[in-house]
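Read the numbers this way: they start at 1 and go in the same order the structure lists the ligands and their atoms. By convention here, the first residue in the shown sequence is residue 1. No experiment lies behind these values; they were computed from the predicted model shown.
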Amino acid sequence: MKVAFITLGCRVNSYDSEAMAEKFLKSGWKVVNHDEKADAYVINTCTVTNMGDRKSRQMISKSRKVNENAVIAVVGCYSQVAPEKVSDIEGVDIVLGTKNKGDIVQYVNEFINERNQIVNVKDVFTDKKFEDLNIDEYQDKTRAFLKIQDGCNRFCSYCLIPYARGGVCSKDPEKVLNEIKKLAEHGFKEIILSGIHIASYGDDLKGDWNLINIVEKIEEIDGIERIRIGSIEPRFFDDETINKIKNMTKMCPHFHLSLQSGCSETLKRMNRKYTADEYKDTVDKLRKNIKDVSITTDVIVGFPGETEEEFNKTYEFLKGIELSKMHIFKYSPREGTKAADMKDQIDGNIKDKRSAELIELDKINENKFMSKFLNREMDVLFEKKFNNKEDLYEGYTPNYIKVVVKSNKDISRQILKVKLTEIKDEHLLGKLIL
Ligand code: SF4
C-alpha cells in the first residue's frame with residue numbers, strides 16, 4: 001500500500017507529517033510523492049490565512065484526480081477550525097483535527113474496511129495533552145526539526161492558531177532528551193527545536209522546566225553540535241536568559257524574533273505584548289552579549305488601521321535596527337479573528353507598495369549583514385549539493401548564513417572551516433580551509 005503526503009503551512013506541520021509518515025512506514029506502507037498514484041493521501045492543512053484554506057481545498061481535489069479510489073484524509077489546522085466545511089468537500093473520507101494525527105494509520109484502515117466517512121475532531125480547549133509523535137528516522141541526515149511544544153495562549157488579534165491548536169502543551173522533557181539522543185546516534189549534528197509558541201515550553205509541565213533548561217540538558221548530549229530554536233517572541237530574552245545563552249556552547253547565535261510591526265500603536269492593535277522600544281532593547285542586548293548574532297524577523301504590512309504615518313514608523317524602525325533578514329507578509333483578514341472585523345482595512349495596492357518598500361530595505365540590510373563576515377573564517381555545516389551541481393556544496397554558518405563552496409569530494413554532513421570570500425545573491429561564496 002502506498003501513501004502520499006501534502007503538507008501546507010509551518011515547520012510544526014512538517015514535523016507532524018514526517019511523524020505520520022513514519023507511522024505508515026512502520027505499518028508496512030510505502031511513502032510516495034504526492035503526484036504519484038497512492039492508495040491514501042494525507043493532506044495536512046493550514047489555516048493561518050484564507051489562502052491556506054483555499055490551498056487545502058485545491059490539494060484535496062488534486063489528490064482525488066490522481067486516484068479517484070484513494071482514501072483522502074484531511075488533518076491539521078483547517079480541518080480543526082472548519083470540520084463541517086471540510087467533511088462536506090466531495091471525496092473527503094477522513095477528517096481529523098490537530099490532536100489525533102498519531103492514530104492516522106488506524107483511521108485509514110478503518111475507512112478501508114468500512115467505507116464510511118470518519119470525522120473525529122477533538123475540542124482543543126479541553127484536550128490539553130501534548131500529542132507525542134516521535135520521529136526515529138529522518139530523511140535528511142544533517143539537521144532535525146523536533147516539535148517540543150504545541151498550542152498558544154497569546155491570542156494576537158490577527159491569528160487563528162490558538163483556536164486551531166488550543167492552549168500551550170509541552171512534550172515531556174525525558175521524551176525530548178531520549179528522542180534527541182536517538183537522533184545523535186543516527187548521525188544528526190543539528191537540532192532545531194520548534195513549536196507554535198516555543199517560549200512557553202514547560203508552562204504546563206510539573207517542575208520548573210522551561211526552554212532554557214531543556215536546552216541546557218540537550219547541550220550535554222554527545223554528537224549534537226548545534227542547537228537552534230524556532231521563531232520566538234522578544235520578551236523571552238530577559239537578562240538572566242541572555243546570560244545563560246552566552247555561556248552555552250552549542251546554541252547557535254541566530255534568533256528569529258517576530259516583530260510584526262515597528263510601530264507601537266499598530267502592535268497594540270495586534271495584541272502583541274511588547275512595544276517597538278522594548279523590541280529594540282532586546283536586539284541591542286543580544287548584539288552586545290552574543291558574538292556574531294543574527295536576528296531575523298517577520299513583519300506584517302497593511303494591518304487594519306495602519307496609516308501612512310504608522311507604516312513610516314515601521315520603515316524607519318527597521319532601517320535603523322538593520323536586521324539580517326525580514327520576511328514580509330501582507331496582512332490578509334482571517335475570518336473569526338478580531339482583526340478581520342476591525343474597521344479601516346487597507347487597500348491591496350497600498351499593501352503591495354508597503355511590502356515592496358520593505359523587501360527593498362531587506363535586501364540592503366541583508367547585504368550589510370553578510371558583508372560583515374567577508375574575509376572571515378567560519379564553521380559551516382554542509383548539507384547537500386548546491387543546485388544539484390556536481391562540485392558545489394551548500395551549508396550554514398552557526399548564525400545561519402548560507403555558504404556555497406567548491407569541493408571534489410562529498411562534504412555533506414560535515415562541519416568544516418571556510419573562508420568567506422564573496423556575496424552572491426542571498427548567500428556567501430567561500431573556500432574550504434584544508
Ligand atoms: S503568538 Fe500570536 S501569532 Fe503566534 S501563534 Fe500565538 S496568537 Fe498566533
Side-chain angles (χ1 to χ4, degrees), residues 8-16 44-53 76-78 80-82 97-99 124-125 128 130-131 145 147-171 192-204 210-211 229-238 241 255-276 278-279 282 295-306 314 326-342:
L8 305 168
C10 63
R11 279 175 177 175
V12 172
N13 257 13
S14 307
Y15 177 88
D16 289 348
N44 194 359
T45 59
C46 169
T47 192
V48 164
T49 63
N50 287 338
M51 187 92 117
D53 291 4
C77 292
Y78 178 45
Q80 179 69 46
V81 296
T98 52
K99 288 285 179 184
V124 286
F125 292 104
K128 294 185 176 158
F130 184 87
E131 188 183 27
F145 289 91
K147 183 176 112 180
I148 63 165
Q149 182 278 335
D150 209 334
C152 179
N153 299 335
R154 293 291 153 135
F155 294 93
C156 297
S157 63
Y158 51 85
C159 181
L160 210 55
I161 284 178
Y163 306 93
R165 295 252 174 196
V168 167
C169 53
S170 313
K171 189 172 175 113
I192 301 153
L193 300 175
S194 60
I196 295 292
H197 192 260
I198 199 171
S200 308
Y201 179 79
D203 285 2
D204 58 318
N210 58 40
L211 184 58
I229 50 175
S231 173
I232 193 148
E233 64 167 43
R235 292 195 322 164
F236 172 71
F237 294 99
D238 57 21
T241 302
F255 301 106
H256 188 80
L257 302 190
S258 299
L259 171 69
Q260 310 304 12
S261 169
C263 164
S264 298
E265 292 78 21
T266 319
L267 286 171
K268 202 161 178 207
R269 288 199 304 284
M270 290 176 164
N271 199 26
R272 303 287 290 179
K273 309 284 187 210
Y274 52 85
T275 62
E278 284 164 351
Y279 185 96
T282 303
I295 297 164
T296 53
T297 202
D298 294 330
V299 182
I300 299 173
V301 292
F303 188 75
E306 187 187 61
T314 293
M326 306 191 281
H327 300 277
I328 315 297
F329 298 92
K330 289 179 250 180
Y331 169 76
S332 106
R334 192 66 200 84
E335 207 183 302
T337 60
K338 262 193 179 169
D341 293 332
M342 285 179 183

Going by the angle between their ring planes, with limits at 30° and 60°, are His256 and His327 parallel, tilted or perpendicular? tilted

Qualifying residue, where the test is side chain to side chain donor-acceptor pair (under 3.5 Å) with Asn271 and the options are Arg269, Lys268, Lys273: Lys273

Among protein atoms, how many N/O/S atoms lie less than 2.8 Å from atom 2 (Fe) of ligand 1? 1

Counting N and O atoms only, with roles assigned by atom type, does the side chain of Tyr163 sit under 3.5 Å from a partner on the main chain of Thr337, one being a donor and the other an acceptor? no

Looking only at heavy atoms, what is the nearest atom pair of Thr275 and Ser264, with distance? CB-OG, 3.5 Å

Which pairs pass salt bridge (Lys or Arg N to Asp or Glu O under 4.0 Å) with one or both residues in residues 152-166, sequence neighbours excluded? Asp16-Arg165, Asp150-Arg165, Arg154-Glu233

If you look at every heavy atom in Gly302 and Tyr331, which pair is closest and at what distance? O-CB, 3.4 Å

